Amino acid sequence: MFKKRFLLIILALILALGLCACGDSNVVEGDAPPFKEVKADIEGLAAELLEGVAFEDELFRIDDEMISLYYEIPEGGKGVFYYGSGATAEEIAVFELADGNQADEFLIVAQEHIADQILSYEDYIPEEVVRLEQAVVECHGKYVVVCVAADTKTAEHIIDQHILNTSGVGDAE
């Protein structure tokens, strides 16, 4: 019981930090020039993650109509979702929402999805909990990206490169 409460407190802290990251600014942060609108190709980004990140499980594209079994996408939003056999918790989910405010709200949905997965895998396949706790769950402008994999550094790099390149900021290295 203590472990579940501790996990929920940690997830709440992650959620609070995540809300600060997105906003309605649609601005690429870091080395990018200010006030540059964030753009992404959700199909392309999902394909780049699928190809560039090492997954133990074979991931399959989930039909658009079936995504709602995992994520409730708000009206005006769309998503691309890859999921494995269930033998691992690995997944790729890339969403485009109507705006940054809707993305902020959907980031919470994505974080809750990961928290639910942690609770599910805790008794089912406990080894997957670490992978879920380290999942990439990011918001960039009106986009939310989730990648559950062992190699989160590669996933983060692919996401950053994609955002920088499709936003017209220039070549990121």
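Given the structure is predicted, the values throughout are model-derived calculations rather than measurements. Numbers for residues simply follow the sequence, beginning at 1.
Taken from CD in Glu48 to OG1 in Thr154, the straight-line distance is 13.0 Å, to the nearest 0.5 Å. With rounding to the nearest 0.5 angstrom, the SG atom of Cys147 is 5.0 Å from the CD1 atom of Ile92. Rounding to the nearest 0.5 angstrom, the gap separating the CD atom in Gln117 from the CD atom in Glu122 is 12.5 Å. Note that CD of Glu133 is 12.5 Å distant from OG1 of Thr152, once rounded to the nearest 0.5 Å. Leu49 CG to His162 NE2: the interatomic distance, rounded to the nearest 0.5 Å, is 9.0 Å. The CG atom of Leu45 sits 11.5 Å away from atom CD of Gln161, with the distance rounded to the nearest 0.5 Å.
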Only distances under 3.5 Å count here; give the side-chain donor-acceptor pairs of residues 69-79 to other protein atoms, sequence neighbours excluded, each with its distance to 0.1 Å.
from, atom 1, to, atom 2, distance (Å)
Tyr71, OH, Glu91, OE2, 2.5
Tyr71, OH, His113, NE2, 3.3

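In this structure, Arg131 pairs ionically with Glu128, as a charged nitrogen and a carboxylate oxygen lie closer than 4.0 Å. Between Glu96 and Lys39, none of the side-chain N atoms (NZ, or NE/NH1/NH2) sits under 4.0 Å from a carboxylate O, so this pair counts as no salt bridge.
Between the side chain of Tyr121 and the backbone N or O of Thr88 there is at least one donor-acceptor pair closer than 3.5 Å. Not a single donor-acceptor pair under 3.5 Å links the side chain of Asp63 to the backbone N or O of Glu65.
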* Could you go step by step and tell me if Thr166 and Asp41 meet the side chain to side chain donor-acceptor pair (under 3.5 Å) rule? -> CA-CA 7 Å; Thr166 57; Asp41 167 14; over 6 Å; no
* side chain to side chain contact (heavy atoms under 4.5 Å, CB included) between Val53 and Ile158, intermediate numbers included -> CA-CA 9 Å; Val53 176; Ile158 290 169; 3.9 Å; yes
* To do: Apply the test side chain to side chain contact (heavy atoms under 4.5 Å, CB included) to residues Glu138 and Asp160: give CA-CA distance (whole Å), side-chain angles for both, the deciding distance (0.1 Å), then the verdict.
  => CA-CA 10 Å; Glu138 297 182 356; Asp160 291 345; 4.3 Å; yes
* Asked: Between Lys142 and Gln102, is a side chain to side chain contact (heavy atoms under 4.5 Å, CB included) present by the stated rule, with each step listed?
  -> CA-CA 7 Å; Lys142 65 180 184 174; Gln102 194 177 61; over 6 Å; no
* Asked: Passes side chain to side chain contact (heavy atoms under 4.5 Å, CB included), Tyr143 versus Val94? Steps please.
  -> CA-CA 7 Å; Tyr143 304 94; Val94 183; 5.6 Å; no
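In this structure, Cys139 and Asp104 approach most closely via the heavy-atom pair SG-OD1, 4.3 Å. In this structure, Val136 and Glu156 approach most closely via the heavy-atom pair CG2-CG, 3.7 Å. The shortest heavy-atom contact between Gly86 and Asp57 is N-OD2, 3.8 Å. The two atoms that bring Leu59 and Tyr82 nearest to each other are CB-CB, 4.0 Å, heavy atoms only. Closest of all the heavy-atom pairs between Val80 and Ala46 is CG1-CB, 3.6 Å.
For the pair Val148 and Gln134, the minimum side-chain heavy-atom distance is 4.5 Å or more.
Note: the hydrophobic cluster containing Ile118 also contains Ile125 (ILVMFWY, side chain heavy atoms under 4.5 Å, direct or indirect links). Under a hydrophobic-cluster definition in which Ile, Leu, Val, Met, Phe, Trp and Tyr are linked whenever side-chain heavy atoms come within less than 4.5 Å, directly or via other members, Ile114 and Val130 are assigned to different clusters. Put simply, Phe60 and Phe81 are part of two different groups of oily side chains (I, L, V, M, F, W, Y) that touch within less than 4.5 Å, one to the next.
Remark: aromatic rings of Phe106 and Phe95 are close, center separation under 6.0 Å.
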